[in-house]
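Heavy atoms only: backbone and side chains are in, while hydrogens, waters and symmetry mates are out. Position 1 is the first residue of the sequence, and the numbers go up from there.
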Amino acid sequence: MASHALRLHPLLFSASAAARPAPLAARTGGGARRVHRRHSLAVVRCSSSAAQALKIKSIPTKPVEGQKTGTMFQQENYLANWIQALFNSLPPEDYVGGTLVLGGDGRYFNKDAAQIITKIAAGNGVGKILVGRNGLLSTPAVSAVIRKRQANGGFIMSASHNPGGPDNDWGIKISEIKTADIPDVDLSSLGVVSYGDFTVEVIDPVLDYLELMENVFDFQLIKGLLSRPDFRFVFDAMHAVTGAYADPIFVEKLGADPVDYILNGVPLEDFGNGHPDPNLTYAKELVFTMFGSGAPDFGAASDGDGDRNMILGRRFFVTPSDSVAIIAANAQAAIPYFQSGPKGLARSMPTSGALDRKLSICGEESFGTGSDHIREKDGIWAVLAWLSILAHRNKEKKAGERLVSVEDVAREHWATYGRNFFSRYDYEECESESANKMMEHLRDVITKSKPGEKYGNYTLQFADDFSYTDPVDGSTVSKQGLRFVFTDGSRIIFRLSGTGSAGATIRIYIEQFESDASKHDLDAQIALKPLIDLALSVSKLKDFTGRDKPTVIT
């Protein structure tokens with residue numbers, strides 16, 4: 001059977017009492033809570049109803065006007081329509097009698113959604129659902145479970161790094177919905193329950209993923225670093241799904257201090273009223289800790305569904321573009337999985353060219369890093385990769401000797417390859433019409449532009465509206481970013497997204513390469529100021545949007 005990964009994309013959902021399913025049979029109250037426990041491979045067998053014939057109900061429904069991924073509606077059957085549409089669009093041989101994985105980041109509505117998806121899967125002939133306990137599975141863990149257990153695909157209930165709660169984002173179109181007439185499944189207890197030919201197995205959300213990480217990294221090497229009295233590490237789970245992974249991996253397996261190392265480690269349905277986006281703006285508590293007096297040696301954070309990361313040293317921020325390049329440069333020496341060297345490297349178009357200068361590891365400027373151990377970005381993987389690099393660089397250091405720091409690793413990398421100064425400006429919740437007008441203005445500028453034109457002190461090499469043709473299947477995606485590339489390699493890129501809970505987000509990417517080591521200590525905002533000013537002038541952003549400063553600076 002073909003393998004599909006069906007990710008439920010961001011949309012807003014605030015279920016009315018009429019639309020919301022009945023309470024779970026064994027709800028434990030509040031959000032999913034982090035529990036300190038040792039993990040066991042044992043599976044508790046739940047009562048089975050195999051003798052019962054599975055009853056399928058056909059529920060009449062109708063399309064929701066304007067329904068699309070990334071939009072919020074409170075109408076009845078909104079989620080059910082979407083899930084049924086997925087099954088309608090797939091060949092039956094891809095799921096009938098097969099196994100699907102289900103999990104999410106623990107945000108508001110996920111437990112109810114898990115019941116809806118499970119029953120519709122049963123109603124459409126799926127043979128088995130593997131669901132994380134309490135509905136929790138990080139995005140990388142879903143991928144790991146699919147691959148290990150050879151499932152046909154999976155559902156990820158997440159709006160990624162967007163806020164959660166009744167009035168915020170939820171991630172996930174039809175004449176009838178086929179649903180099984182079965183009770184709600186107790187998602188709080190590990191085990192198996194069957195209804196006719198349909199089976200639900202509630203699995204530990206950590207075990208398969210942890211086993212994979214132990215095969216990728218040298219856990220004993222990392223444990224040696226974390227056990228040193230002169231090394232301190234702090235991880236911010238941002239009240240999101242990686243809180244469920246932090247204790248089993250960092251404390252139980254690697255020996256990190258269970259008291260001092262974790263911030264916001266309890267997964268909550270509203271992420272503690274925070275915005276689970278690991279950057280300098282939203283991970284405020286971690287940033288304050290890492291830039292304060294007595295800061296730890298290493299700090300990291302992950303996002304809502306666990307596929308993004310931020311890396312910090314003591315009073316030092318590693319840009320995502322630099323992070324993936326540094327991991328690639330050190331992977332063969334520090335990470336057993338890459339002992340024969342990476343098979344290849346990949347980055348998203350807006351990501352700085354730092355990774356290109358080294359030429360199975362991939363990354364993007366929006367705090368996503370990963371490799372071919374799964375087919376997803378992976379926040380915990382990136383944290384373990386950095387811990388591996390630091391452990392490898394310090395393994396011969398004796399007590400009392402100065403340790404190689406995150407900043408040392410970054411500066412040595414710049415000295416070898418040069419520094420790609422990079423910054424991203426995010427203008428969130430812009431009025432959509434104004435934002436689109438600004439992008440059309442830029443497209444007009446690009447249409448009229450010619451190579452060799454002067455833009456201040458910069459000479460234009462080319463300007464375009466980026467499109468990409470897949471070399472495997474020949475498919476093409478267009479309008480992926482408006483690019484101004486200059487003869488010295490500097491770039492300005494404009495992109496527009498509108499899948500959040502309000503308005504549109506304008507993103508401006510600015511990059512400039514510097515080979516002169518005497519200039520590597522410059523603050524990125526100072527080094528890039530001429531390009532930033534040029535970007536704002538060319539785009540007329542303030543004229544179109546009225547915004548005089550970005551919401552987030554990376």
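Taking CE from Met438 and CZ from Arg547, the interatomic distance works out to 11.5 Å, rounded to the nearest 0.5 Å. Considering OH of Tyr425 and NZ of Lys549, their distance stands at 12.0 Å, rounded to 0.5 Å. To the nearest 0.5 Å, atoms NE2 (His413) and CZ (Arg419) are separated by 11.0 Å. Going from atom CG of Leu136 over to atom CD1 of Ile203 covers 11.0 Å, rounded to the nearest 0.5 Å.
In this structure, the side chains of Pro267 and Val241 stay at 4.5 Å or more apart for every pair of heavy atoms. A heavy-atom distance below 4.5 Å is found between the side chains of Leu102 and Phe155. Using a 4.5 Å heavy-atom threshold, the side chains of Ser423 and Gln525 count as touching. Two residues are said to be in side-chain contact when any heavy atoms from C-beta on lie closer than 4.5 Å; Ile493 and Phe466 fail this criterion. Phe233 places none of its side-chain heavy atoms less than 4.5 Å from the side chain of Leu225. Contact check for Asp378 versus Ile380: side-chain heavy atoms found under the 4.5 Å cut-off. Two residues are said to be in side-chain contact when any heavy atoms from C-beta on lie closer than 4.5 Å; Phe513 and Phe421 fail this criterion. For the pair Asn279/Lys284, no side-chain contact is recorded, criterion being any heavy-atom separation below 4.5 Å from C-beta on.
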(request) Show the numbers, then the answer: is there a side-chain contact (heavy atoms from CB on, under 4.5 Å) between Ile311 and Phe298? (result) CA-CA 8 Å; Ile311 302 298; Phe298 179 67; 3.6 Å; yes

(request) Tell me, with the steps shown, if His275 and Phe271 meet ring pair (Phe, Tyr, Trp, His ring centres under 6.0 Å). (result) CA-CA 7 Å; His275 189 148; Phe271 306 123; 9.3 Å; no

(request) Determine, step by step, whether Glu428 and Ile506 satisfy the side-chain contact (heavy atoms from CB on, under 4.5 Å) criterion, reporting the C-alpha distance in whole Å, the side-chain angles of both residues, the deciding distance to 0.1 Å, and the verdict. (result) CA-CA 7 Å; Glu428 297 178 351; Ile506 297 170; over 6 Å; no

(request) Show your working on side-chain contact (heavy atoms from CB on, under 4.5 Å) between Phe494 and Asp465 and close with a plain yes or no. (result) CA-CA 9 Å; Phe494 301 88; Asp465 193 343; over 6 Å; no

(request) Let me see the working for Leu534 and Ile510 under side-chain contact (heavy atoms from CB on, under 4.5 Å), right down to the final yes or no. (result) CA-CA 10 Å; Leu534 177 59; Ile510 305 101; over 6 Å; no

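Side-chain contact check for Ser497 and Arg507: at least one donor-acceptor pair (N or O, by modelled atom type) lies under 3.5 Å. When only modelled atom types and interatomic distance are considered, Asp303 and Tyr282 share no side-chain donor-acceptor pair under 3.5 Å. No hydrogens or angles considered: nothing links the side chains of Asp307 and Thr139 as a donor-acceptor pair under 3.5 Å.
Below 30°, between 30° and 60°, or above 60°: for Phe235 and Phe250 the angle between ring planes is between 30° and 60°, a tilted geometry. Ring-plane geometry between Trp414 and His520 is classed as perpendicular, the angle between the planes exceeding 60 degrees on a 0 to 90 degree scale with a lower cut at 30. Using cut-offs of 30° and 60° for the angle between ring planes, the Tyr209 and Tyr245 rings count as perpendicular. Using the six-membered ring where Trp is involved, Tyr509 and Phe422 have ring planes that are tilted, between 30° and 60° apart. Note: Phe217 and Trp381 have tilted aromatic rings, judged against thresholds of 30 and 60 degrees for the angle between ring planes.
Classification of Arg443 and Glu440 as a salt-bridged pair holds, one side-chain N sitting under 4.0 Å from a carboxylate O. Here Glu511 pairs with Arg491 in a salt bridge; the nearest charged N to carboxylate O distance falls below 4.0 Å. A salt bridge does not link Asp521 to Lys519: none of the charged nitrogens lies less than 4.0 Å from a carboxylate oxygen. Taking a cutoff of 4.0 Å between a charged side-chain nitrogen and a carboxylate oxygen, Arg393 and Glu412 qualify as a salt bridge. Looking at Lys111 and Glu269, no side-chain N of the basic residue comes within less than 4.0 Å of a carboxylate O on the acidic one, giving no salt bridge.
Among residues two or more places apart in sequence or in another chain, the salt bridge (Lys or Arg N to Asp or Glu O under 4.0 Å) test is passed with Glu285 by none. Contacts of Asp523 classified as salt bridge (Lys or Arg N to Asp or Glu O under 4.0 Å), with partners at least two apart in sequence or in another chain: none. With sequence neighbours excluded, the residues satisfying salt bridge (Lys or Arg N to Asp or Glu O under 4.0 Å) with Arg228 are Asp230. Residues that satisfy the salt bridge (Lys or Arg N to Asp or Glu O under 4.0 Å) test with Lys529, not counting sequence neighbours, are Asp533. Under the ring pair (Phe, Tyr, Trp, His ring centres under 6.0 Å) criterion, Phe219 pairs with no residue, sequence neighbours left out.
With Ile249 as the fixed residue, the side chain to side chain contact (heavy atoms under 4.5 Å, CB included) test singles out one of Leu254, Thr242, Ile222: Leu254. Shown are Thr545, Val552, Leu496, Leu541; of these, the side chain to side chain contact (heavy atoms under 4.5 Å, CB included) with Tyr427 is made only by Leu541.
Residue pairs meeting the salt bridge (Lys or Arg N to Asp or Glu O under 4.0 Å) criterion with at least one member in residues 289-302, sequence neighbours excluded: Asp297-Arg314.
Nearest heavy atom pair, residue Pro530 against residue Ile526, reads CD-O, 4.2 Å.
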